[in-house]
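Report on one structure; see the data block that follows.
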Amino acid sequence: MGRGVTMKQVNTFREGPNENGHFGMFGGRFVAETLMPLILAVEQAYDAAQNDPSFQAELDDYLKHYAGRPSPLYFARRLTEHFGGAKVYFKRDELNHTGSHKINNTLGQILLARRMKKTRIIAETGAGQHGVATATVCALFDLPCVVYMGTTDIERQQPNVFRMRLLGAEVVPVTSGTGTLKDAMNEALRDWVANVESTFYIIGTAAGPHPYPAMVRNFQSVIGREAREQMMEAEGRLPDSLVACIGGGSNAIGLFHPFLDDPSVRMYGVEAAGHGIETGAHAASLTGGRPGVLHGNRTYLLQNDDGQILDAHSISAGLDYPGIGPEHSWLHESGRVDYVSATDVEALDAFQLCSRMEGIIPALEPSHALAYVSKIAPDLPKDHIICMNMCGRGDKDIFTVAEALGTEI
Amino acid sequence: MTAATDSGRIEKRFAALKAAGRGGFVTFLTAGDPDHETFEKILLGLPDAGADLIEIGMPFSDPMADGPAIQASSLRALKAGANMGRTLELVRSFRAHDGDTPIILMGYYNPIYSYGVDAFLKDAREAGVDGLIVVDLPPEEDAELCVPALQAGLNFIRLATPTTDDERLPTVLKNTSGFVYYVSVLGITGTKSAAEVEIRDAVERLQRHTALPVAVGFGIRTAETVREIASTADAAVVGSAIVDRIAADVDENGRPSAKLVETVHKYVRELASGLRS
């Protein structure tokens, strides 16, 4: 394979982005002038925070006592036996407070917003996990919170909508476009342009204008740092494969990043193939898209010949986005990470399998990752170790799954 | 920089306005809204109705910096089959009738990037485009399109906003040419307007930093405001309010009524009326 050759061309995969926010040709700062001064201020404040030990200390304290970190690394014994090949471990980020990895990032960003003396928080959400995680930290720090959410997503993620409202957030329905994550992000950007002085935008995924992709990645890298340590403890060595689902890709980059310079560790990012890549109804930006510029960064996008953004489709609201974080586009082109996909049906099968065999109801997002694990694990040797990011729990998805299975609840 | 000379139309137009002792009126409409043929008729009649410069929106599926009016106009145009090739066709058609009125294409970067920067600049210049305004390309990304555009002989008109402070203004103005577009409010297009006094201060601030003409837009909806703004700045831009006239005159399938073209021209004439007494 060309893989080994590509990997020798650079000394490290962990240095990006450069000072302009570029990962190779991807990333950047493609925003309106109104936002530029603010984006630069966020970057400056984040740089200062990174150099201030008290910032990380405060974040660590909240991660431990509020979010419940470290999350366990769990050996999925029954699934391992069922697949009959590789040993399968789950990094249990669904056990975090609020039920997903999103809290790692919202805690980091709200501490930054406080340092910047911002008095109002906005966020976009697809599955509602990031919205809930943002509403949660806003309640914790007593800041008003507005969450933009597409009407399609509001319909299929009712429990999370109610959760956000219970937490005191205002959930604003977004009707433009298809009423999904991309439209919610457009609307959040419109809000931000109109309220730059007071407002901090907590972006939920490792995308958007620089410094967001790097900042979100750094906040999420706690996942990979813990997994590395825990795997050394459990197995005395690094895992052979990492598997994570990808919408924007924050949980995946969080798991992958600390391992990028370990050539023995293979990595698989699993995009949502929806009804199948060949049908066009999917959310697999790397598999089915090409480079373009949207939401502040250059990255792979689903788009037509005229550069108009296409609607994504996935049964999982959290993966239903026509773009992907810019660092993933770069890791894709550099060949360091393999990007693959799983369909709605495969994810549904994995969702049920995991529930029955491990007593863990996974979110539909990591069900895509598990679907891919179920494809590769049987053919891998018994001493091959897979670490999959179980990045969210499935309580929010039971209505969607029931409907897909033709069950009334 | 070995820049090709630009068409000179923008400079000539502002010089003529100055000689006539009045401010200019700039219209914005989205190419192909509500459909290609109707838009062509609207476009061809704009100079006669009072437009001194014409901004044409390049439709985009995700206009992040625009309010509901221009979002809807973009979607109507796309639904009716608009694309970059057809937008340039409209400019060519306009140029066959009018060799003087400056045409500025305004929009977002992805459709240009998708078309290919070099091909786009060549085709736009040949079609008779005089300048570009690309909302999501700040000076930090000048290497993408701004510098190549200037080299290809197209003006790159930058937006300055209330958040662009004195420290940042030189960065914003550095590669700006043609004129400066002052966005008078923090926010998206068409939603609110700024107080006259704030605008006067802002225009004076800009003029301390640049000799380029200053056009002011965002939230202008009446002939009176056009006159006020154009007496302070070098030109006033109206977009959403004109686009709203189209929205009000199409059926639920986006088909225009028989009188839509005349309605738009009448409104443009009304907006421009205060400038030519």
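Given the structure is predicted, the values throughout are model-derived calculations rather than measurements. Proteins get letters first, then strands, A, B, ... in listed order; numbering begins at 1 in each.
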**Report entry** Which atoms of A:L40 approach chain B - backbone, side chain, both or neither, heavy atom under 4.5 Å
**Finding:** side chain

Query raised in the report: Can you find a pair of side-chain heavy atoms, one from B:Y181 and one from B:I133, that are under 4.5 Å apart?
Result: yes

Query - Top of A:P37, A:G28, A:S176 for chain B proximity - count of heavy-atom pairs under 4.5 angstrom - result: A:P37

Query raised in the report: Side chains of B:V117 and B:F120: does their closest heavy-atom pair fall under 4.5 Å?
Result: no

Query raised in the report: Where does B:P63 contact chain A at under 4.5 Å (heavy atoms): side chain, backbone, both or neither?
Result: both

Report task. Let me know if B:D66 has heavy atoms under 4.5 Å from chain A in its side chain, its backbone, both or neither. Result -> backbone

**Report entry** Which portion of B:V172 sits near chain A, non-hydrogen atoms under 4.5 angstrom
**Finding:** side chain

Query raised in the report: Is it true that B:R221 and B:D244 have a side-chain N and a carboxylate O under 4.0 angstrom from each other?
Result: yes

Query - Residues A:E124 and A:Y201: side-chain donor-acceptor under 3.5 angstrom - result: yes

Query raised in the report: Taking NZ, NE, NH1 and NH2 as the nitrogens, is one of them in A:D320 or A:R156 under 4.0 Å from a carboxylate oxygen of the other?
Result: yes

Query raised in the report: Which atom pair, heavy atoms only, marks the closest approach of A:I39 to A:P209?
Result: CD1-CG, 3.4 Å

Query raised in the report: What part of A:H210 is in contact with chain B, defined as an atom under 4.5 angstrom from a non-hydrogen atom: side chain, backbone, both or neither?
Result: neither

Query - chain A contact via B:I112 - side chain, backbone, both or neither, heavy atoms under 4.5 Å - result: neither

Query raised in the report: Is a side-chain donor-acceptor pair under 3.5 Å present for B:E140 with A:N20?
Result: no

Query raised in the report: Among side-chain atoms of A:D191 and A:N195, is any donor-acceptor pair under 3.5 angstrom?
Result: yes

Requested in this report: Please look at B:E144 and chain A and tell me whether the side chain, the backbone, both or neither of the residue comes under 4.5 angstrom of a heavy atom of that chain.
Outcome: side chain

Query - chain B contact via A:L310 - which portion, at a heavy-atom distance below 4.5 Å - result: neither

Query raised in the report: Checking heavy atoms, do the side chain of B:Y113, its backbone, both or neither come under 4.5 Å from chain A?
Result: side chain

Requested in this report: With a 4.5 angstrom heavy-atom cut-off, could you sort out which part of B:A72 is near chain A: side chain, backbone, both or neither?
Outcome: neither

Query raised in the report: So which of A:R298, A:R290, A:E187 has the largest heavy-atom pair count under 4.5 angstrom toward chain B?
Result: A:R298

